[in-house]
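Structure first, commentary second.
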Amino acid sequence: MISEKVTPHASAHEDGTITQGQGQGQGQGQGQGRPQDQSRPQNQGRPQNQARNRTPPPRRRSRDGTQLLVLALGFVMASLDTVIMNVAANDLRARLGLTMSGLTWVVDGYVLTFAALLLLAGSLAKRFGARRVYLLGLAVFTAASLLGAVAPNGAVLVVARFVQGVGAALFMPSSLSLLMHAFPEPARRAKVLGIWSAVVSTSVGLAPTIGGVLVGTLGWRSIFLVNLPVGLAGLLLTRRVIAAVPARRSALGGSGHVLGLLALGALSYALIEGPGRGWSAPYVLGAFAVAGVALAGFVVRERAARTPVLPVSLFADRAFTAANVVGFLFNFAFYGALFVLGLFLQGARGASPVTAGLQMLPAVLVLPFGNMLYARFGPRVGNRTALTASLALSAAGYALLFLILAPGLPYWVLAVVLAVAHLGSGVTSPAMTGVLMAAAGREHADIGSATLNANRQIGSLVGIAGMGAVLTGAGGGYQGAAWSFSLTAGALAVAVVVGRTGLRTRA
């Protein structure tokens, strides 16, 4: 997850994408009471205004900080669980006797349910109320964390990770909706979102180190146990300081979500189990077939449905389609490479979990600097140039790693190349979002950004599974990591071409 410069009415996702606020849809809340009160009888206006302004002005700043903290708790917790597993993976494989496919399921099971249910969870938040869905998601995530902490074997741990993904999918979109509702004024919202982005980006940047320290000192179960007090605090405080958002009638598009989940699940099974079972194994071939049929059914359903899950009409716009393709390839490369890097540092270079977490810092702490570079130069050169140049820089870095990766390579060389490559990643994320927002326009900004966010999560899912398959097929070690990094460079190079050809004008 990569922070970026955000604008009023926009909220930053954990992976750097932005979701537009639901200003009009949330107008029933605390931010737009005055226009509504003028249309009502005067004897009813005063009590309603008093109810909407419960917070005394002297306490506003303190309450703002508390609300921001409470809503950031779940977001940071879920974001940490996405990245922290890259450091814990090697210890998990040794302690629980996991195969490479089992380890990939532990990491990807979380991403799978999160990616597949993200759009559905946003619809549920509108239909049943964002605070209710947020609390449900926190409860599910916390309970799943407890299950993961006491898991006696890999199978139970995989189940726990699947359930964690369900919880994260429920509360992450809801947390953003609640944040937009709690801070309706554009000026305050912009300031709060800037702090939000900084908190999320910093937490993800420190995730490898935090995970390394926890695993190295307390064992892998501690990365799940640490969620329990955070989750419980979030549940208690949310009920006290976060106002409910009125529910609104909205279609769920259930059949579309089921087809999407089936396609993603079958594809994940084929990619994860293929290296171990054999690519020609009946179960693997069957999974590919199911994924293809489900995807075809999803496309047919989306074209004919009155309430499509994805904005099919927007994909007719070349820039919108290009931004989504680039988003998929970018997350495929970024999170797939991080997965391989954590295993490589411990398995091939013999680093402890703590050391591996520290050695991964150059790859993630440069991301905010990339965000700042974009904020400074992006508006001058345009999103198209910023996007393609940063992608090319990242691709060149990983291509260089493929060429020089060998047992005698000094760590400082590895760190410098990774830092440069990921500096480009810090620029790519906000530039890509800017391209998409320009293509979607104000009218479709909400669904457009949600589509990009879900699409990027799918890229993470396929990237982790795909990189795991390459790592296993190449025999692991330096050779496996080198070939995985070559796949990373290739995906980023394709993204450069798509960005260059698909974005003809300066976005």
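These numbers come from a predicted model, not from an experiment. No hydrogens, no waters, no symmetry mates; every other heavy atom, side chains included, goes into these values.
Contact of the V140 side chain with the Q164 side chain is not registered, since no non-hydrogen atoms from C-beta on lie closer than 4.5 Å. Within the 4.5 Å cutoff, the side chain of L225 has no heavy atoms near those of the L218 side chain. With contacts defined as side-chain heavy-atom distances shorter than 4.5 Å, the pair V462/F328 qualifies. Side chains of Y335 and Q457 form no contact here, defined as non-hydrogen atoms less than 4.5 Å apart. By the 4.5 Å heavy-atom criterion applied to side chains, V496 and L492 are not counted as neighbours. Contact check for L146 versus F224: no side-chain heavy atoms found under the 4.5 Å cut-off. Residues P362 and L418 have side chains not in contact (no heavy-atom distance under 4.5 Å, counting atoms from C-beta outward). W279 places none of its side-chain heavy atoms less than 4.5 Å from the side chain of L285.
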Quick one: do S268 and W105 satisfy side-chain contact (heavy atoms from CB on, under 4.5 Å)? Show the steps, please.
CA-CA 9 Å; S268 299; W105 275 119; 4.3 Å; yes
Using the rule given for side-chain contact (heavy atoms from CB on, under 4.5 Å), can you reason through L423 versus V427, listing the C-alpha separation, both sets of side-chain angles and the distance that settles it, and then say yes or no?
CA-CA 7 Å; L423 185 66; V427 177; 5.6 Å; no
With side-chain contact (heavy atoms from CB on, under 4.5 Å) as the criterion, how do Q346 and L341 come out once you've worked through the C-alpha distance, each side chain's angles and the decisive distance to 0.1 Å?
CA-CA 9 Å; Q346 296 177 73; L341 182 61; over 6 Å; no
Using the rule given for side-chain contact (heavy atoms from CB on, under 4.5 Å), can you reason through T488 versus M467, listing the C-alpha separation, both sets of side-chain angles and the distance that settles it, and then say yes or no?
CA-CA 8 Å; T488 302; M467 296 288 185; 2.9 Å; yes
Could you please spell out the steps behind the ring-ring contact (aromatic ring centres under 6.0 Å, His included) verdict for F141 and F171?
CA-CA 9 Å; F141 189 91; F171 70 65; 5.6 Å; yes
Go through the steps to decide whether S425 and T428 satisfy the test side-chain hydrogen bond (donor to acceptor under 3.5 Å, both in side chains), and finish with yes or no.
CA-CA 5 Å; S425 299; T428 297; 5.5 Å; no
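Ring orientation note: the planes of F334 and F330 are close to parallel, at an angle under 30° on the 30°/60° scale. Taking the six-membered ring where the residue is Trp, F485 and F344 present perpendicular rings, their angle passing 60° and hence far from 30°.
Here the straight-line distance linking atom CG of L358 with atom OG of S352 works out to 8.0 Å at 0.5 Å rounding. Rounding to the nearest 0.5 Å places CG of L461 at 10.5 Å from CZ of F332. Atom-to-atom distance recorded for R456:CZ and L329:CG is 11.5 Å, nearest 0.5 angstrom. One distance of note links CG of L414 with CG of L405; it measures 7.0 Å at 0.5 Å rounding. In this structure, H422 NE2 and F369 CZ are separated by 15.5 Å, a value rounded to the nearest 0.5 Å. Atoms CD1 and CG, on I223 and L214 in that order, are 8.0 Å from each other to the nearest 0.5 Å.
Applying the ring-ring contact (aromatic ring centres under 6.0 Å, His included) rule to Y269 yields no partners; only residues at least two apart in sequence or on another chain are considered. D317 pairs by the salt bridge (Lys or Arg N to Asp or Glu O under 4.0 Å) definition with nothing, not counting sequence neighbours.
Judged purely by distance below 3.5 Å, without hydrogens or angles, the side chains of R349 and Y478 pair a donor atom with an acceptor atom. Side chains of T142 and S145: no donor on one and acceptor on the other come within 3.5 Å. A donor-acceptor contact under 3.5 angstrom links the side chains of S460 and N331, judged on distance only. For the residue pair R500/T385, the side-chain donor-acceptor check at 3.5 Å is not satisfied.
Of all the heavy atoms in R161 and T113, the pair that sits closest is O-OG1, 4.4 Å. Taking both residues in full, the closest heavy atoms of L471 and G480 are given as CD1-C, 3.5 Å, listed atom of the first, atom of the second, then distance. Here the closest heavy-atom approach between residue N227 and residue M77 is recorded as OD1-CG, 3.1 Å. In plain terms, the two heavy atoms of A421 and S394 that are nearest each other are O-OG, 2.6 Å. Taking each heavy atom of A395 and A493 in turn, the nearest pair found is CB-N, 4.0 Å. The shortest non-hydrogen separation linking A495 to V326 is O-CG2, 3.7 Å.
Put simply, the side chain of S390 gets close to the backbone of L387: a donor and an acceptor are under 3.5 Å apart. The closest donor-acceptor contact from the side chain of T355 to the backbone of A351 lies at 3.5 Å or more, if one exists at all. Checking side-chain atoms of R221 against main-chain N and O of V215 turns up no donor-acceptor pair under 3.5 Å.
Heavy-atom neighbours of Y283 OH from other residues, nucleotides or ligands within 6.0 Å: at or below the threshold of 12.
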